[in-house]
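Notes for the one structure printed next.
In this chain, numbering begins with 1 at the start of the sequence shown. Just the heavy atoms: all of them, side chains too, but no hydrogens, waters or symmetry mates, feed the values below.
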Amino acid sequence: VGDWHVTRSGVNVLVSSCFVAVGTNLSQFLCLGRFSATSFQVLGHAKTVLVLFGGWAFFGDLINLHQLLGMCLAVAGMISYGFFMSRGGVTARKV
């Protein structure tokens, strides 16, 4: 961090990152009252998977086996949750 020199492209990336963070936090705030606690957790896990995938896709970060298994488990859980919620017999309770 101490060796970073301020450049126009660096400031653009920093400002863009701030806007993405504000948008993410705003979207979570808007979801709080509209979804059940379980649905909110599923959205949180989807965001984590997207962040890990984005790091790999855009920055070449390595995904180790532990992260890959966690991502697969999270996606399988999201698919299962969507499947069971769409069946109509199961309802989510609001806390």
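When the side-chain contact (heavy atoms from CB on, under 4.5 Å) test is applied to Leu68, the partners found at least two apart in sequence or on another chain are Ile63, Cys72. Residues passing the ring pair (Phe, Tyr, Trp, His ring centres under 6.0 Å) test with Phe40: none are found, sequence neighbours excluded. Residues that satisfy the side-chain contact (heavy atoms from CB on, under 4.5 Å) test with Val42, not counting sequence neighbours, are Met78, Tyr81. Scored by the side-chain contact (heavy atoms from CB on, under 4.5 Å) test, Leu43 finds Cys31, Phe35 as partners (sequence neighbours excluded).
At distances below 3.5 Å, at least one donor-acceptor pair connects side-chain atoms of Arg34 with backbone N or O atoms of Leu30.
Its side chain outside the 4.5 Å cluster rule for every partner, Leu62 clusters with none of the Ile, Leu, Val, Met, Phe, Trp and Tyr residues. The hydrophobic cluster of Leu50 has no other members, since no ILVMFWY side-chain heavy atom comes under 4.5 Å of it.
Test Phe53, Phe58, Phe59 against Trp56 for side-chain contact (heavy atoms from CB on, under 4.5 Å) and you get one pass: Phe53.
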Donor-acceptor pairs are to be reported for all side-chain atoms of residues 10-26 against protein atoms at under 3.5 Å, with residues two or more places apart or in another chain.
from	atom 1	to	atom 2	distance (Å)
Asn12	ND2	Arg8	O	3.3
Ser16	OG	Asn12	O	2.8
Thr24	OG1	Val20	O	2.8
Asn25	ND2	Ala21	O	3.3

Trace of the side-chain contact (heavy atoms from CB on, under 4.5 Å) decision for Thr38 with Gln41: CA-CA 5 Å; Thr38 306; Gln41 283 296 99; 5.6 Å; no

